[in-house]
Amino acid sequence: MNHSSVVRYLSCIVFLVFTHIQINAQIVLLGENPPFENINDGNFSSVWDYWRNAKQSPFWTTQIIKGDAPMGVHYGTLFSSNVEGIATSKLLNNTAYQQPKIGDTMSWSFGADLEYDCQGFVSLSLVFGKQERILANKTPLKGGDNIVEHFKGTYILTDKDVQAGLPFVKATFYSEKDVKIYLHYVNIAVTAPEIAGPKNFNTQVINQGIQLSWNDDKANNKSAFKIYRQPTHDKKGYQNIGKTAHFTFIDSTITPGVNYNYLVTRINTKESAPSAIQTIRKTDTVTPPPPTHCKAISYDTEIKLTWTKSIAKDIKAYSVYRSNPNTKTPKKIASGISTNFYEDLTPAKNIENTYHIYAHDHSGNKSKASQPIVAKTKSIVGASFKDLILPIPIHNKLSTTIWGAKNVVPRDPDNGIEHPDWSYWGGKPIVDKDDKYHMLVVRWPEKALKGHWEWPNSTVVHTVSDTPTGPYLPTGEVAYTFANGLGHNADVIQLNNGSYLLYSLINWKPTLFTSKRMSGPWKKEGIMNIEYDAKALNDPNEYQVQRNLSGVQLANGNMLFITKFGRMIISKNGLLGPYKVVTDVIQKNKTIPERYRKSNYEDPTMWRDEVQFHCLINAFIDKRAIYLRSPDGIHWKFDPGIAYDTSITTYQDGTTTNWYKLERPHVLQDQYGRATHLSLAALDVAKKNDMSHDNHNSKNLIVPLTIHKRIKLLNKEKITPNTKTIKLRILSEKGFDAQKDIDISSLRFGASEAVNFGKGSKVVNTQNKGNDLILEFSGQGNGITATNFAGKLIGKTTKGDLLIGFCKLSTD
């Protein structure tokens, strides 16, 4: 041990936590059996699965008595949402307990929870042969708090029990309204004084570490004691860390700041039951050394940081802070990093980003900053869709007296649509023939039983606003009368004839409506017919092509939709189909870099302007989205970086909100199809934490975008890397004078692969043409090849704002 380490240990101060768990001498039949593994899957961890599935434990059998919902195990819990369901364990056949005796005491405990606050009960029984002994009878559970409730007691065996032999456990679930009851664990043990372990077990902090002491009236001169330890954050179980013939033991191998559970057993001819469990922690106040050898690797829109870990042995994690010339103070962008690397996906472009890495030890001490790391992205502003996002205008004033976690307050309640009595979700803004802004948005009562998860019972409502960012106000209870307005993830498509097509998921069916106006009336056309060959597609998830649809009508009248996971479907026979699946899921798109391709994507939105097709698709676990472009809506090309994340909601006065999640993207389009605003569903906490009658909720919010400029390619011949001169016409429009508002020297034109990185062709001449401007570029460095279907222009206005636009490269 070096000198600095010695100083760190000898200068320790003590912070002590005791959790004195008295464990009587017991033979465990089911459940927790420290220091050994759980017996007979009493904690339901033998199989582990996604929460929407219901796996079956090999140690338990489930039976639905009344109901038709799945029952089984997920995420380490046994659950049922049926009116009545039963789970029975295997026979509690522990080789150490084969002869039950009259008067034996069985201790029992279990932990359970109810998903939402309604009528939910659980019963627990021991079944000896045909005799059921009820331990807990229809115990009521409190739901809606995400808190496990714990119950315990004892049962004394009778002569009839003994005659019947060893029992099994029966758990009965009683629920209503399809609400889940979770059984987290069941423990059954029988008192066995003959195997009692050490008594009066105590722990204390000393300079050398943790000292353990105990006494034991069952010990003799041949006895030995085994010491077991488990870090409380470690799920691997207890480890044997030593053996002694004495009644004390010093653990000098601890990591300061870590909470440890300790227990002791005695070994004569056999190993005894454990002592009580003691939990203790020793902390210090010594600042750990910072990480060293910090380096950066620059990618297109990302910067990867690496470092050599701190030499301290008690490091828990690392944090990363970032600053740049435009920020006042360094901002923490990542914490809890256990590795020696971090990839920043959202650095500022065009300028240097400065990073500092900090080490944090288990005692809560933070190191000094590492040496600064300075790096720039390869791309420039305008390469990513996120670069288009502008500050949000404030309608009246920001409010602090509204619902929401502190991370979303203050905010403007007049942006988009929100109301304390309703949970709003999604919504595509559209300018209708009355020049007002309309949205069909889904909602459900905030006080509904299941909180956010009431969304399958949402209804579609028509809303209207005088401005694109709101406030949007409902015009009635529901947008259509079919199914009493039931529907989810409503999406509206403006058809070629100016009328509207509405997609709505009703009773899990993709249902279409049509109307001449956004305000209705809406006529039900029917349910979409989507041909899905699971075998041919090597994907059993047929539901994916029916949900979260966004679409356009093609110039030839065919309907094209992008589906939940990014598959494209197309119809050549009217609105209802049949639709044919023509692409794979978005993760199979090879133009997407590997770092983004592994995400779980859903919630796509697609639109078309004069030049190309556009798509945003949300990575719901990573809380970010990506952006792709296409010449035909079938073949999609990834544009660099993140399209949006939870950091984008900043108001014009500099106030920033940080929503827990932003999902269900849509865009408001102008008469040329260009995206002018981004519409999002916003949630202030995790969905599971948005309960009925609480201060959490969801809303629609709308963020303005930098609008693409309208540009026209004037060259008659096809552009190649060898083209000498490229001519563009940039069109003036309301609020933009192409002849006066452009910083000509900043302009670059060419393939996005060149322009996104500050390359491309430069302007060599300009000419006024009516109200517009003709730009003549040297063809050198344009980068355009046969793979490019659109040329890209990036530059600045005379005010220093981003100027961006695309043009078609062919007239086909």
Side-chain angles (χ1 to χ4, degrees), residues 49-50 52-53 299-302 343 345 379 383-386 489 491 503 505 510 528 530-552 554 558-572 577-608 612-645 663-666 751-753 756 785-790:
D49 202 37
Y50 182 55
R52 284 184 172 172
N53 294 333
Y299 296 108
D300 291 354
T301 61
E302 307 85 16
E343 190 166 79
L345 299 181
S379 63
S384 305
F385 185 91
K386 187 178 179 182
N489 284 346
D491 195 278
Y503 158 84
L505 188 67
M528 297 172 67
I530 304 172
E531 297 175 342
Y532 190 85
D533 188 334
K535 185 176 181 180
L537 295 170
N538 193 29
D539 189 340
N541 300 309
E542 182 174 357
Y543 74 88
Q544 65 175 287
V545 297
Q546 300 175 352
R547 302 183 189 177
N548 303 39
L549 305 189
S550 175
V552 298
L554 302 177
N558 295 339
M559 295 304 303
L560 177 69
F561 282 92
I562 186 169
T563 65
K564 183 178 177 74
F565 299 154
R567 290 186 187 273
M568 306 303 302
I569 60 173
I570 191 168
S571 168
K572 294 185 178 180
Y579 284 82
K580 180 180 179 181
V581 178
V582 292
T583 69
D584 213 325
V585 295
I586 199 75
Q587 289 90 342
K588 301 293 181 67
N589 185 324
K590 298 298 184 181
T591 72
I592 302 174
E594 191 70 21
R595 65 173 58 86
Y596 297 108
R597 208 183 305 155
K598 294 179 180 179
S599 294
N600 298 89
Y601 287 104
E602 66 173 15
D603 289 354
T605 189
M606 175 174 60
W607 70 99
R608 179 183 58 182
Q612 59 195 336
F613 291 77
H614 306 260
C615 170
L616 295 172
I617 187 165
N618 186 62
F620 62 95
I621 293 178
D622 299 320
K623 302 180 186 177
R624 62 177 186 240
I626 58 173
Y627 168 67
L628 304 97
R629 300 180 294 112
S630 171
D632 54 12
I634 304 294
H635 304 91
W636 291 96
K637 178 179 181 179
F638 174 84
D639 260 19
I642 288 175
Y644 67 79
D645 59 13
E663 297 188 350
R664 296 297 299 151
H666 292 90
S752 60
E753 293 87 346
N756 285 339
T785 69
T787 63
N788 296 109
F789 52 88

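Predicted model only: the values in this text are computed from it and were never measured. We're numbering straight along the sequence, starting at 1.
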Are the side chain of Ser384 and the backbone of Pro640 linked by a donor-acceptor contact shorter than 3.5 Å?
yes
Going by the angle between their ring planes, with limits at 30° and 60°, are Phe385 and Trp607 parallel, tilted or perpendicular?
perpendicular
Are Asp584 and Arg567 within salt-bridge range, i.e. N to O under 4.0 Å?
yes
Between Tyr601 and Phe565, does the ring centre distance come in under 6.0 Å?
no
Can you check whether Tyr532 reaches Lys580 side chain to side chain, under 4.5 Å on heavy atoms?
no
Taking only Lys NZ, Arg NE, NH1 and NH2, and the carboxylate oxygens of Asp or Glu, determine whether Arg624 and Asp622 approach each other closer than 4.0 Å.
yes
Steps toward side-chain contact (heavy atoms from CB on, under 4.5 Å) verdict (Met568, Leu560):
CA-CA 7 Å; Met568 306 303 302; Leu560 177 69; 3.8 Å; yes
Quick one: do Met606 and Leu616 satisfy side-chain contact (heavy atoms from CB on, under 4.5 Å)? Show the steps, please.
CA-CA 7 Å; Met606 175 174 60; Leu616 295 172; over 6 Å; no
Does the side chain of Asp603 come within less than 4.5 Å of Phe620's, by heavy atoms?
no
Can you give me the closest heavy-atom contact between Glu302 and Arg595, atom names plus distance?
OE1-NH1, 3.3 Å
Tell me, with the steps shown, if His614 and Arg608 meet side-chain contact (heavy atoms from CB on, under 4.5 Å).
CA-CA 6 Å; His614 306 260; Arg608 179 183 58 182; over 6 Å; no
Taking C-beta and beyond as the side chain, do Ile617 and Thr605 meet within less than 4.5 Å on heavy atoms?
no
Report yes or no: do Gln544 and Asp539 form a side-chain donor-acceptor pair below 3.5 Å?
yes
Tyr579 and Lys572, any side-chain heavy atoms less than 4.5 Å apart
no
Working to the nearest 0.5 Å, report the span between CD1 of Ile592 and CD1 of Ile626.
4.0 Å
Just verifying a value: how many Å separate Lys637 NZ and Phe789 CZ, rounded to the nearest 0.5 Å?
6.0 Å
Answer yes or no: is there an ion pair linking Arg547 with Glu542, defined by an N-O contact shorter than 4.0 Å?
no
Within a strict 4.5 Å, meaning less than it, do heavy atoms of the Val582 and Ile569 side chains meet?
no
Could you report the tightest heavy-atom contact between Tyr596 and Gly641, atom names first, then the distance?
OH-CA, 3.7 Å
Sub-4.5 Å side-chain heavy-atom contact between Ser550 and Phe561
no
The test is side-chain contact (heavy atoms from CB on, under 4.5 Å); show your working for Ser752 and Arg629 and say whether it passes.
CA-CA 11 Å; Ser752 60; Arg629 300 180 294 112; 3.3 Å; yes
Side-chain donor/acceptor of Ser630 to backbone N/O of Phe613, under 3.5 Å
no
Is a donor from one side chain sitting under 3.5 angstrom from an acceptor on the other, for Gln546 and Tyr503?
no
Would you please say whether a donor-acceptor pair under 3.5 Å links the side chains of Asn489 and Arg664?
yes
Spacing of CG belonging to Leu549 relative to CD1 belonging to Ile562, to within rounding of 0.5 Å
10.0 Å
Should Pro604 and Thr563 count as side-chain neighbours, where that means a heavy-atom distance under 4.5 Å?
no
Is Lys564 salt-bridged to Glu602, going by a charged N under 4.0 Å from an acidic O?
yes
Mind checking the CH2-SG spacing from Trp636 to Cys615? Nearest 0.5 Å is all I need.
5.0 Å
Nearest 0.5 Å, please: how far is OG1 in Thr787 from NE2 in His635?
13.5 Å
Rounded to the nearest 0.5 Å, how far apart are CG of Asp491 and CG of Asn548?
9.5 Å
Would you check if the side chain of Asn788 reaches a backbone N or O of Ala790 as a donor-acceptor pair within less than 3.5 Å?
no
Taking C-beta and beyond as the side chain, do Val581 and Val545 meet within less than 4.5 Å on heavy atoms?
yes
